[in-house]
Amino acid sequence: MNVARAISAGEAAIASGLAQLVAQAELHGPPPEDEAPLYAARRKIYPQSVRGTFRRIKWAVLFATLGIYYLLPFVRWDRGPNAPSQAVLIDLPGRRFYFFFIEIWPQEFYYITGLLILAAMTLFLMNAVAGRVWCGYLCPQTVWTDLFQTIERFFEGDRREHLIADRQPWTLRKLANKAGKHISWLIVAWWTGGAWVLYFADAPTLVKELASGTAPAVAWIWIGILTFTTYALAGHMREQVCLYMCPWPRIQAALTDEYALNVTYRYDRGEPRCSVKKAEQLRAAGQPAGDCVECLQCIYVCPTGVDIRGGANLGCIQCGLCIDACDAVMKKLGRAPGLIAYDTDLNIKRRVEGKSSFTRIMRPRTVTYAAIIALVGGVMLYALANRDVAGVNVIHDRNPLYVQLSDGGIRNAFTVRLINKEQQPRDFILTVEGIGQYDLEIVGAQERTITVGPDQTREVRALVSTREKLPPHASIPLSFIIIDEKSGERTVTRDNFFGP
Ligand code: SF4
Ligand code: SF4
């Protein structure tokens, strides 16, 4: 008797929980159809908050990425007395990029190319292992949209309250909530634009200039542009950016394969969908019954409004929030979690056929991407470790190519640019090799030693003449060498010496 009462109490609890879920389902309406028309007006999405493992991961990533973005410009890095002390700085007037101990000059733009290759390969590798994990957790559009939705919930409540409030006529309270939300969004958007410009100038100085209204106009213009784009993209456009503007979902779809783990509705377990009561009846009659109870919680929490039960979807950013929502429902029903999980359709087919499921991370494509990352990363590290801290470039005068001197000698003129990447002045001796006996005159200088200031370049005119007998139409390879007077370090570049 007691057992029967306990069972019926449990059923009542489940029924009441489900009644709540069904009430929400009615509020939301039916899930979107698979066959969408070519054009459909945007249906506003009211994502419901959710708790669970993937939500916690998303919080951690959100705090980490936003923390880095907003605070990094204030991190200092000592490079000596003549260099900027900001750890990460894009110095456009000085044409330098500083990243902690790395300083990249315009001539070294290949490092940026290497970084872009690394970023692309990392994205491909992430995609090969776990689908659009970038989109779900790390993409700036996802992170800022998540932050804006949190602010929205703070002012307008969770999905249900927000939906109801939006259908009610305007009141003072509704107006205050909406105003509070938009003002907070604008403040966050302004901080986002403000943080961006701090990467292009000394951050503490620029903050003071912004506060006193003396910052350069270009800083205000960029803050204005980024305030507007952040407010529009994260506050208003949200999932439309992922669905219509971003090319990555299309590229990603072409790059994926059957082994990539994706957020998947395990229809082998979930179908046929039916209520708890119906499932019991069907099972008692020896008929199949799925675990999906059609509560629609997975759709309500989805930031892009996708019904993952319809299969792979371009709108699904793989954030895993539907997993958390469904696991919570399964827990309430006393069923095992994982009706929605990171899985593959291949595994579902295998399970349907009575075979075991498996995960294959090591595949030719993942190994290839990892090998390219290791190779490019290794080459970049080697190049950085053995980076030249001096440089020399030479441009030969084109008109005239040579001058015949009154004593019969031939003279060629060059513009020589010396580069000193160290943070102290350096003296370089300029010399040439390749044409036997020669005279080298540096215009405006008494000797061949040239001083170059810290982290600077210096241009000089060099006249090279020879009285050696040259072959007709001579074009003789000529090496320009600069030698650091202190360390003896040699840096070489090549050009040609022309004759009649
Ligand atoms: S998949 Fe899970 S969350 Fe979605 S409707 Fe079915 S039971 Fe509910
Ligand atoms: S379907 Fe699930 S994983 Fe995909 S975007 Fe929606 S909540 Fe995230």
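Note that ligands are numbered from 1 as they come in the structure, with each ligand's atoms numbered from 1 the same way.
At a 4.0 Å heavy-atom cut-off, ligand 1 touches Leu296 through the backbone alone.
The cationic group of Arg95 does not satisfy the cation-pi geometry with Trp105, failing either the under 6.0 Å distance to the six-membered ring centre or the 45° limit from the ring axis. For the pair Arg250 and Trp248, the cation does not sit on the ring face, since its NZ or CZ is not both under 6.0 Å from the ring centre and inside 45° of the axis. The cationic atom of Arg159 (NZ for Lys, CZ for Arg) does not lie both less than 6.0 Å from the six-membered ring centre of Tyr46 and within 45° of the ring axis.
Salt bridge annotation for Lys355-Asp268: absent, with no cationic side-chain nitrogen under 4.0 angstrom from a carboxylate oxygen. With respect to Asp202 and Arg76, a salt bridge is recorded, a charged nitrogen being found less than 4.0 Å from a carboxylate O. Salt-bridge formation is not detected for the pair Arg350/Asp345: no Lys NZ or Arg NE/NH1/NH2 atom is positioned less than 4.0 Å from an Asp or Glu carboxylate oxygen. The residues Arg365 and Asp257 are annotated as salt-bridged, a charged nitrogen and a carboxylate oxygen being separated by less than 4.0 angstrom.
Among protein heavy atoms, the minimum distance from atom 7 (S) of ligand 1 is reached at Val293 N, 3.5 Å. What sits closest to atom 2 (Fe) of ligand 1 on the protein, heavy atoms only, is Cys326 SG, 2.4 Å. Cys298 SG, 2.3 Å is the protein heavy atom nearest to atom 4 (Fe) of ligand 1. Closest to atom 8 (Fe) of ligand 1, if we only count protein heavy atoms, is Cys295 SG, 2.3 Å.
Less than 4.0 angstrom separates some heavy atom of Met330 from each of these atoms of ligand 1: 7 (S). Listed by number with element, the atoms of ligand 1 under 4.0 angstrom from any heavy atom of Cys292 are 1 (S), 5 (S), 6 (Fe), 7 (S).
Each of Trp144, Phe148, Trp185 was checked for a ring-ring contact (aromatic ring centres under 6.0 Å, His included) with His236, and the lone residue meeting it is Trp185. None of Arg173, Lys181, Lys174 except one satisfies the salt bridge (Lys or Arg N to Asp or Glu O under 4.0 Å) rule with Glu156; the exception is Lys181.
Protein atoms that are N, O or S and lie under 2.8 Å from atom 4 (Fe) of ligand 2 are these: Cys316 SG.
Residue-ligand proximity: Arg273 is placed with every non-hydrogen atom at 4.0 Å or more from ligand 1.
Separation of the Phe99 and Tyr111 ring centroids does not fall under the 6.0 Å cut-off.
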